[in-house]
Amino acid sequence: SAFLPMQVNAAADDVIAAFTGGAEVADGGVDLNAPEIAENGNTVPIEVGADGATAIMLIATGNPTPGVATFHFGKLAGAHVAATRIRLAGTQDVVAIAQMADGSFKRASANVKVTIGGCGG
Amino acid sequence: MADNVKPRVKVPRSASAGESVLLKTLISHPMESGQRKDSDGNPIPRSIINRFTCAFNGENVIDVTLEPAISTNPFIEFEAVVPEAGEFVFTWYDDDGSVYTETKAIEIG
């Protein structure tokens, strides 16, 4: 698939680089389920999954601190899928980066429109 | 220390040997992000659950790093393979040093 440049802030880039060690990240191969519209940014349901992933990092590119969570899958992980609920400060792209067993990285992103932001302040 | 911290987990009573089962976990916790200010304009210090783990009979299922962007009362849902009868151990690590655990047994059948 074509490489699509993403609008991410510098802090999000730093978080991604810390996870990947600066390695290339391929688009696709990661499932990221997020609502298109979240009325309440305080609790937005998110599900990520990637077959064969050893870890998946979730990033909220528009939050004051973009890191959200990193799921490390162990020997007894079932499907390499996890779901949680997150805070989004406003409308933004949520990004999932999967580290695969062979050391490569894959990515998916989803835009979430947020009606009421969820980071206080 | 955060008040009224209470872990809750949902685990099936039984599974077939080798089956992958869905586990749901939640812990009541304010997950104070460190981004908010009180009515006097002073920052409210960060106080969150920063790590969650699940193991089955001592073998790791999932190990999660949580940041302040995880919602109040952190909810995590995932799947585990159940090779034999045994016990899940769920552990939550608080910024303040507190560690909360919950255990659930599962049978084969």
Side-chain angles (χ1 to χ4, degrees), chain A residues 11-12 15 18-19 33-34 38 40-51 53-90 92 94-95 97 99 112 114 117-121, chain B residues 11-12 15 18-27 29-39 41 43-44 46 48-84 86-89 106:
Chain A
V15 169
F19 183 61
N33 292 319
N40 181 0
N42 279 305
T43 176
V44 182
I46 298 279
E47 184 181 69
V48 291
D51 284 342
T54 55
I56 302 177
M57 176 183 250
L58 196 56
I59 299 130
T61 60
N63 275 6
T65 51
V68 174
T70 306
F71 304 93
H72 299 273
F73 298 103
K75 191 178 169 189
L76 288 184
H80 290 185
V81 174
T84 187
R85 298 173 189 143
I86 73 171
R87 293 169 171 146
L88 295 176
Q92 59 180 284
V94 173
V95 174
I97 302 210
Q99 179 170 28
V112 181
V114 176
C119 283
Chain B
V11 175
E19 186 184 352
S20 181
V21 298
L22 184 67
L23 308 178
K24 295 184 180 194
T25 74
L26 186 143
I27 187 163
H29 192 283
M31 293 295 278
E32 189 60 58
S33 71
Q35 300 287 336
R36 299 196 313 148
K37 291 175 180 167
D38 65 19
S39 52
I44 303 172
R46 168 185 145 151
I48 70 166
I49 298 288
N50 59 56
R51 185 182 174 205
F52 165 78
T53 64
C54 172
F56 181 75
N57 289 349
E59 195 77 65
N60 182 239
V61 175
I62 199 167
D63 189 335
V64 187
T65 306
L66 290 77
E67 306 286 349
I70 296 294
S71 302
T72 300
N73 304 331
F75 163 82
I76 301 174
E77 182 186 287
F78 54 97
E79 293 186 27
V81 175
V82 180
E84 71 265 333
E87 189 175 71
F88 284 104
V89 177
I106 189 166

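None of the values given here were measured: they were computed from a predicted structure.
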Quick check on [X] against chain A: is it the side chain, the backbone, both or neither that has a heavy atom closer than 4.5 Å?
X: B:Pro74; value: neither
X: B:Ile44; value: neither
X: B:Thr25; value: neither

Counting heavy-atom pairs under 4.5 Å to chain A, which of B:Val64, B:Asn73, B:Leu22 comes out on top?
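Most heavy-atom pairs within the cutoff with chain A belong to B:Val64.
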
With respect to chain A, which residue among B:Pro43, B:Ala69, B:Ser71 yields the maximal number of heavy-atom pairs within a distance under 4.5 Å?
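Winner by heavy-atom pair count: B:Ser71.
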
Do B:Glu67 and A:Leu58 have side chains that get closer than 4.5 Å, going by heavy atoms?
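Answer no - side chains too far apart.
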
Residue-level contacts of residues 53-63 of chain B with chain A, using a heavy-atom cutoff under 4.5 Å:
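Listed by number, the contacting residues are B:Phe56, B:Glu59, B:Asn60, B:Val61, B:Ile62, B:Asp63.
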
Donor-acceptor contacts, no H, no angles, side chain residues 67-86 of chain A, under 3.5 Å, sequence neighbours left out:
unit_1: A:His80; atom_1: ND1; unit_2: A:Ala53; atom_2: O; d: 2.7
unit_1: A:Thr84; atom_1: OG1; unit_2: B:Phe75; atom_2: O; d: 2.7

Set out, in order, the CA-CA distance, both residues' side-chain angles and the distance that settles side chain to side chain contact (heavy atoms under 4.5 Å, CB included) for A:Arg87 and B:Met31, then state yes or no.
CA-CA 11 Å; A:Arg87 293 169 171 146; B:Met31 293 295 278; 3.8 Å; yes

